[in-house]
Undergrad: 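Pasting a structure below so you can have a look.
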Number of protein chains: 2
Amino acid sequence: MVKKAATVKAKVSIHDVAREAGVALSTVSNALSGKDNVKESTRKKVQEAADRLGYRVSFVARSLRMQRTFTLGVLLADVSNPSSPDFLRGVEDLADRESCSLLVCNTDGLLDKQIAHMRVLLDRRVDGLVLLSQYCDPPLVRELLNSGTPFVLLQRRSRQHVDDYVGADNHEGITAAIEHLVSFGHKRIGFIRGPTESTTADERLEAYRLAVERLKLDDDPTLVIQGNYQVDGGYRAGREFLSMDKRPTAILAANDMSAIGVMNAASEAGVSIPGDLSLIGLDDIELASYAPINLTTIALQRRDMGTAAATLLMDRIRKKRKKAKQVLFPMKLVVRGSTGPVPVKKKLK
Amino acid sequence: MVKKAATVKAKVSIHDVAREAGVALSTVSNALSGKDNVKESTRKKVQEAADRLGYRVSFVARSLRMQRTFTLGVLLADVSNPSSPDFLRGVEDLADRESCSLLVCNTDGLLDKQIAHMRVLLDRRVDGLVLLSQYCDPPLVRELLNSGTPFVLLQRRSRQHVDDYVGADNHEGITAAIEHLVSFGHKRIGFIRGPTESTTADERLEAYRLAVERLKLDDDPTLVIQGNYQVDGGYRAGREFLSMDKRPTAILAANDMSAIGVMNAASEAGVSIPGDLSLIGLDDIELASYAPINLTTIALQRRDMGTAAATLLMDRIRKKRKKAKQVLFPMKLVVRGSTGPVPVKKKLK
DNA sequence: TTGTATGCGTTATCAT
DNA sequence: ATGATAACGCATACAA
């Protein structure tokens, strides 16, 4: 009596398939994994037996034997941060193509958490690690990174080492943004910088400074305010800027979230954008394009960057490359409605 | 000569530690995994040897042996969707506490992709599956779900089966929102529904209908327009509503993204919110609170829901419960600036 | 309290 | 082309 294909009963292993098909264990393995050293008729026989039994290979056993898990670990500060998921998707795009799965860990930007997660990932014998905007220089982190598991830095460059790295050309982006503002007549441009531990934030600030110097803009130290890449930091910075005696006519925020914070502050203060104040963000997260926000921003190709990072990583895993490689993505200014000419009226005060 | 703690050399296994410490293999295992059947002095000796060698347990081997991977699979349509990451974080919160890691898969809402990912997850022998707004009734999916691996549905209920499930009280939320609008004098309320395959969307629509009936509001079939939980769908629906002869004075969108779409449409049409049109979303994603958006919405406790789902799942994994359990979270109306009184002027036309 | 032996489910090596 | 066998690294039942 013919039975329907079994829907995975108990625990069926390769042994059972071998018995069912009347062949040797190794033949089953070869047949199922598409090796060419098995007769077509045998392969078919094995395949049928496997289906009949509802056999599914165990990645666990395979991983142990092959010393390869087909798993990548991704460390990020917080998936809830609107820019993170796009990077993640990019990584996944490639991982999928390479039959790898992703173990995702949030560190909340905490060093301890990152280290703990790194240990787990390493204990799980991931084939590689993607560090998305995370610590990469602290000694303990470095020690873990030196354990031999390939890794790649995404949006974060080491200050002391040369690693595989994917980032964006911050200089290019910031420069384009400032030139855009200058074309509107702005000369006094505030800058909200990112967290101090971030090399990316450093680069952006540096680019701002260079542009200010080159274009002979107001070079006033109070024009740079510390933010944290978050809305609240942008909000505080925005308030501070708006309360200044000689306040800037434009603000360049180190990322879109900070810019949103400025919007909140401006709205509260009754300052209109771009009427009274021009504003530029960086990231081009989706919400920047929504009509009520309509933020001029410097776009980052996050998904592509994620894919690029995963590509570098896979090369490493396959030992296709020995020396470190850096990939820099261009940044593109996306002009929307948050930038405009310098207000004509003289400011009060 | 004392050497510094080795930073993971070659491949050191439990064997090496045993040799180094001069004890048996099993003693190392017991000592390191904190069993109570090992003398304290021995444990210390073992621990030191392990540290000296830079030994780290292999989760792969352990998983094979224990038939437990301490890994949960999460299936979601798209992490880039602003509401997804919060659920994910909630799941992770609990997973962390339970020493589990998360394998995250995006399905893009495609059945084929979901099935492919489910297979991989099962082949990887995850301890459990979290289905976040995914297909759960198609025969192939059901077959996979029946394979014995515990699972939980998040924000998605089966139409045909009784499963572990965590959702929100859509009826309560929608009702509160409509009553809020009614208190402003609205009687003609448009509704943008979610995708047809979504049971959650069904519940929301049903709740809308019940409220319309109970409160004797305009009951006009054209007042319900199909959306897709995305901005573009909301935009199209918004345009349609705004072009109607007798257009609604308020719109209730099945989620925040759809509401944003309406905002885009309204902005384009020069319709002011809430002056000419009141708008309510659902989700309370972070951006709903930003000043330029300032959306009245029905809040979902996504992170807590994620944690609750993971909790149900872990119970299942530990076989602490046999019969299916449902958890319903309350929904809370968050009144912001997108709702107001019915416009006083007679509409043109 | 410690040690020995076995098996978890594969793939790879080597015969046949 | 196929089959037997040995790892892979660990946890556990049982023996000492």
Side-chain angles (χ1 to χ4, degrees), chain A residues 8-47 49-50 53-71 99 120 122-127 148, chain B residues 8-47 49-50 53-71 99 120 122-127 148:
Chain A
V8 184
K9 50 189 68 173
K11 274 301 159 193
V12 24
S13 87
I14 201 170
H15 282 94
D16 307 305
V17 180
R19 193 162 11 81
E20 174 83 14
V23 300
L25 205 96
S26 51
T27 301
V28 176
S29 175
N30 288 330
L32 260 31
S33 58
K35 290 255 177 28
D36 59 353
N37 58 351
V38 20
K39 222 193 325 184
E40 206 40 56
S41 63
T42 312
R43 186 191 308 283
K44 202 173 153 198
K45 189 170 58 179
V46 170
Q47 186 59 261
L53 264 36
Y55 168 78
R56 295 256 87 202
V57 70
S58 162
F59 268 58
V60 179
R62 167 183 291 177
S63 295
L64 180 60
R65 176 60 232 235
M66 296 177 70
Q67 298 293 81
R68 183 128 157 45
T69 55
F70 296 89
T71 307
S99 310
V120 171
L122 259 18
D123 290 355
R124 285 178 181 269
R125 303 296 191 263
V126 294
D127 296 334
Chain B
V8 185
K9 49 188 67 170
K11 275 300 159 193
V12 23
S13 87
I14 201 170
H15 284 91
D16 307 302
V17 180
R19 193 161 12 81
E20 175 82 13
V23 301
L25 204 123
S26 56
T27 302
V28 176
S29 176
N30 288 328
L32 261 30
S33 58
K35 289 259 175 29
D36 58 353
N37 58 350
V38 26
K39 226 193 323 185
E40 207 38 57
S41 64
T42 311
R43 186 191 307 282
K44 204 175 149 194
K45 191 169 59 180
V46 169
Q47 185 59 261
L53 265 34
Y55 168 77
R56 296 255 88 202
V57 70
S58 162
F59 268 59
V60 179
R62 167 183 290 176
S63 295
L64 181 59
R65 177 57 232 242
M66 296 176 68
Q67 297 293 80
R68 181 126 156 48
T69 55
F70 295 91
T71 307
S99 307
V120 170
L122 259 18
D123 290 354
R124 285 177 182 271
R125 303 296 190 261
V126 294
D127 296 335

Undergrad: Just verifying a value: how many Å separate B:Thr69 OG1 and B:Leu64 CG, rounded to the nearest 0.5 Å?
TA: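 With rounding to 0.5 Å, OG1 (B:Thr69) is 11.5 Å from CG (B:Leu64).
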Undergrad: How many angstroms lie between atom CD of A:Gln67 and atom OG of B:Ser58, to the nearest 0.5 angstrom?
TA: 7.5 Å
Undergrad: Tell me whether A:Arg43 contacts the main-chain N or O of A:Lys35 through its side chain, where contact means a donor paired with an acceptor under 3.5 Å.
TA: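 Judged by distance alone, yes, a pair lies under 3.5 Å.
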Undergrad: In Å, rounded to the nearest 0.5 Å, how long is the span from CZ of B:Arg19 to OG of B:Ser13?
TA: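 Nearest 0.5 Å value for the CZ-OG distance: 8.0 Å.
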Undergrad: In sequence, state the C-alpha distance, the side-chain angles, and the governing distance for A:Arg56 and B:Leu122, and then conclude on side-chain contact (heavy atoms from CB on, under 4.5 Å).
TA: CA-CA 8 Å; A:Arg56 295 256 87 202; B:Leu122 259 18; 5.9 Å; no
Undergrad: Hey, does the side chain of A:Thr42 come within less than 4.0 Å of D:dA1's phosphate (OP1/OP2), counting only N and O?
TA: no
Undergrad: Applying side-chain hydrogen bond (donor to acceptor under 3.5 Å, both in side chains), can you list everything that pairs with B:Thr71, at least two apart in sequence or on another chain?
TA: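 Per chain and number, B:Thr71 pairs via side-chain hydrogen bond (donor to acceptor under 3.5 Å, both in side chains) with A:Arg124.
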Undergrad: Walk along DNA chain C from 5' to 3' and tell me the first and last nucleotide with an atom closer than 4.0 Å to a non-hydrogen atom of chain B.
TA: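 The footprint of chain B covers C:dT1 to C:dG9.
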Undergrad: Considering only heavy atoms from C-beta outward, does the side chain of B:Val57 approach that of B:Leu32 to under 4.5 Å?
TA: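 No. Closest side-chain heavy atoms not under 4.5 Å.
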Undergrad: Which parts of nucleotides 8-16 of chain D does protein reach within less than 4.0 Å, heavy atoms only, written one letter per nucleotide 5' to 3' as B for base, S for sugar-phosphate only and - for none?
TA: BBBBB----
Undergrad: Could you tell me which non-hydrogen atom of B:Val23 sits nearest to which non-hydrogen atom of B:Val28, and how far apart they are?
TA: CG2-CG2, 3.7 Å
